[in-house]
There are 2 protein chains.
Amino acid sequence: MPTEPADTRSRLVEAAFAAFAQSGYRASVSRIAARAGVARQTLYNHFPTKEALFSEAVALAVHRVLVSLEGGGDVRETLLRFAAAYRARVLSPQGLAVFRTLVAEAPRFPHCAQQFFREGPAATRKRLATYLAAAMQAGELRSDDPQFAAEMLTAMLADTDRLRRLFGLAPKRAGEARRCARVVDCFLRAYAPERN
Amino acid sequence: MPTEPADTRSRLVEAAFAAFAQSGYRASVSRIAARAGVARQTLYNHFPTKEALFSEAVALAVHRVLVSLEGGGDVRETLLRFAAAYRARVLSPQGLAVFRTLVAEAPRFPHCAQQFFREGPAATRKRLATYLAAAMQAGELRSDDPQFAAEMLTAMLADTDRLRRLFGLAPKRAGEARRCARVVDCFLRAYAPERN
DNA sequence: CATGGACTGGACTGTCCAGTCCAGTCCAGT
DNA sequence: ACTGGACTGGACTGGACAGTCCAGTCCATG
């Protein structure tokens with residue numbers, strides 16, 4: 001093989017990921033090949049069709065969407081860390097671009113969209129729910145459905161600002177930390193342990 | 001004019017709206033004309049370009065996105081009515097289709113996207129915030145930033161299920177009313193008046 | 001040095017589409 | 001009965017793009 005360790009194939013997938021994120025499925029095969037620094041025919045040596053390449057690019061995206069959750073410290077501290085990480089991931093230009101493309105193409109690539117959802121947002125919420133369940137058990141949070149609670153927290157963290165950005169409005173960059181704190185405190189009020 | 005009261009022009013806009021919602025901007029001019037029962041040239045007699053037609057279709061969509069909020073009864077009842085109306089609008093197949101198309105095309109039609117956002121989600125939240133502010137004044141809700149509170153409530157109402165549906169997962173149709181009630185009650189816990 | 005596999009790049013096909021042009025039809029109001 | 005404006009429908013241009021074909025290059029290995 002006359003090419004460097006950075007596989008031609010993975011360069012192609014990477015280029016496809018970037019191109020699809022930027023331009024949606026409209027991104028042309030020629031441009032993707034150019035972006036990867038490769039002849040168009042080479043692309044077709046690795047992927048039979050544009051669809052196949054798209055699927056592969058989505059698979060790459062899937063590996064980049066899980067948001068971590070590290071315990072340690074009290075509940076509020078843990079949730080604050082999670083909040084910052086979640087918002088950073090979801091509201092980043094890349095996160096939004098991937099979201100945009102996948103939402104647009106979900107009808108044409110239902111399998112990709114579902115895979116992304118399950119291994120991204122759904123998995124993240126599941127982890128969060130597990131943590132919340134433990135905190136409920138420990139009496140640090142009101143005893144309730146942890147899955148539902150996780151859904152509420154992630155919704156409050158992302159929804160408004162995601163919409164704003166998706167529709168092209170200014171990010172309100174100031175006060176990211178403050179925003180996290182307000183949301184987490186709102187959540188903690190709703191899920192404070194019942195008094196006696 | 002040889003045509004019926006239902007203006008050729010409005011038939012075209014209606015057809016464009018439906019086509020763009022269904023297929024995104026990919027929807028072809030020919031198909032839109034056919035859907036309106038009209039020759040392609042007639043379409044071009046009314047709109048100079050496809051872009052112009054798209055803008056017009058979005059303008060139509062804008063008039064369909066405001067969610068009503070009727071006071072009357074206590075706070076919980078009012079919010080429950082709002083919750084049901086909001087979810088019905090936002091999670092309907094049409095609401096989701098419009099969302100999908102606009103999110104996808106926002107980079108190409110920033111003006112349309114912003115207009116939609118301002119007169120849709122933003123306006124709805126503004127109304128809700130006004131109501132919440134009054135309830136806070138009346139001591140029925142904890143005194144706090146009403147705009148932020150409105151953002152939290154709308155986020156909790158829509159985010160999770162919108163994502164689920166956008167990514168092609170089953171709607172969990174059962175228990176719509178119950179879902180509304182759970183969210184509203186969660187909100188009311190977070191915004192209960194501070195005890196003394 | 002020879003061979004084979006990966007890559008190159010340009011030409012080509014078929015398809016779809018936006019937008020233009022035009023000759024003709026149909027009908028409402030005068 | 002005539003006229004003008006709206007609509008029709010089919011032909012056409014030019015461009016973009018997915019996918020195919022192929023003759024040739026480059027290089028690592030044997």
Side-chain angles (χ1 to χ4, degrees), chain A residues 1-59 100-102 104-105 107-112, chain B residues 1-60 100-102 104-105 107-109 111-112:
Chain A
M1 311 124 185
T3 356
E4 295 90 83
D7 236 355
T8 301
R9 184 187 175 89
S10 39
R11 286 226 313 280
L12 275 167
V13 176
E14 198 69 50
F17 172 83
F20 286 135
Q22 189 181 73
S23 318
Y25 195 68
R26 266 192 279 272
S28 85
V29 170
S30 307
R31 282 198 223 290
I32 293 171
R35 193 165 195 152
V38 133
R40 199 168 64 252
Q41 184 52 42
T42 301
L43 188 154
Y44 281 106
N45 289 343
H46 289 271
F47 306 94
T49 64
K50 190 183 181 183
E51 274 93 356
L53 179 57
F54 185 81
S55 296
E56 207 80 6
V58 171
R100 204 190 294 279
T101 295
L102 269 168
E105 299 308 330
R108 294 224 282 168
F109 295 90
H111 186 75
C112 287
Chain B
M1 309 119 181
T3 356
E4 296 89 84
D7 236 355
T8 301
R9 185 186 176 89
S10 40
R11 286 227 312 279
L12 276 166
V13 177
E14 197 68 50
F17 173 83
F20 286 134
Q22 187 181 74
S23 317
Y25 195 68
R26 265 192 281 272
S28 84
V29 169
S30 307
R31 282 198 224 289
I32 292 171
R35 194 165 193 152
V38 133
R40 197 170 64 252
Q41 185 51 42
T42 300
L43 188 155
Y44 280 106
N45 288 343
H46 288 273
F47 307 94
T49 63
K50 190 183 182 184
E51 275 93 355
L53 179 58
F54 185 80
S55 296
E56 208 79 6
V58 172
L60 176 64
R100 203 189 295 278
T101 295
L102 269 168
E105 299 308 329
R108 294 224 283 169
F109 295 89
H111 186 74
C112 288

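Chain letters run A, B, ... following the sequence lines, proteins first, then strands; residues in each count from 1. Note that the structure is a prediction, hence the values are computed from the model and not measured.
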Nearest-Å distance, [atom1] ([X]) to [atom2] ([N])?
X        : N      : atom1 : atom2 : answer
B:Arg108 : C:dA18 : CZ    : P     : 11 Å
B:Leu43  : C:dC17 : CG    : P     : 14 Å
B:Leu53  : C:dG19 : CG    : P     : 10 Å
A:Asn45  : C:dT8  : CG    : C1'   : 10 Å
A:Leu12  : C:dT8  : CG    : C1'   : 13 Å
B:Phe47  : D:dA6  : CZ    : C1'   : 15 Å
B:Arg9   : D:dC7  : CZ    : P     : 11 Å
A:Arg11  : C:dT8  : CZ    : C1'   : 13 Å

I want to check one thing: is the phosphate of D:dC7, taken as OP1 and OP2, less than 4.0 Å away from some side-chain N or O of B:His46?
yes
Between B:Thr8 and D:dA6, does any side-chain N or O lie under 4.0 Å from OP1 or OP2?
no
Which heavy atom of [X] sits nearest to which heavy atom of [Y], and what is that distance?
X        : Y        : value
A:Pro107 : A:Ala104 : CD-O, 3.4 Å
A:Ala19  : A:Ala27  : O-CB, 3.7 Å
A:Phe109 : A:Tyr25  : CZ-CE1, 3.7 Å
A:Ala33  : A:Leu12  : CA-CD2, 4.4 Å
B:Val13  : B:Ala57  : CG1-CA, 4.1 Å

In Å and rounded to the nearest 0.5 Å, what is the OG to NE2 distance from B:Ser55 to B:His111?
8.0 Å
Point-to-point distance, once rounded to the nearest 0.5 Å, from CZ of B:Arg26 to CZ of A:Arg108
4.0 Å
If one requires at least 3 consecutive Watson-Crick or G-U pairs with distances under 3.5 Å, the stems of DNA chain C turn out to be C:1-30 with D:1-30
Write out all pairs satisfying side-chain hydrogen bond (donor to acceptor under 3.5 Å, both in side chains) with one or both partners inside residues 34-48 of chain B, taking only residues at least two apart or from two chains.
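Residue pairs with at least one partner in residues 34-48 of chain B: B:Gln41-B:Asn45.
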Sub-3.5 Å pairs of nitrogen or oxygen atoms, protein against nucleotides 14-18 of chain D:
unit_1, atom_1, unit_2, atom_2, d
D:dA18, OP1, A:Lys50, NZ, 2.8
D:dA18, OP2, A:Val29, N, 3.0

Going by side-chain contact (heavy atoms from CB on, under 4.5 Å), A:Phe20 matches just one of A:Ile32, A:Val58, A:Leu102. Which one?
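When side-chain contact (heavy atoms from CB on, under 4.5 Å) is applied between A:Phe20 and each of A:Ile32, A:Val58, A:Leu102, only A:Ile32 qualifies.
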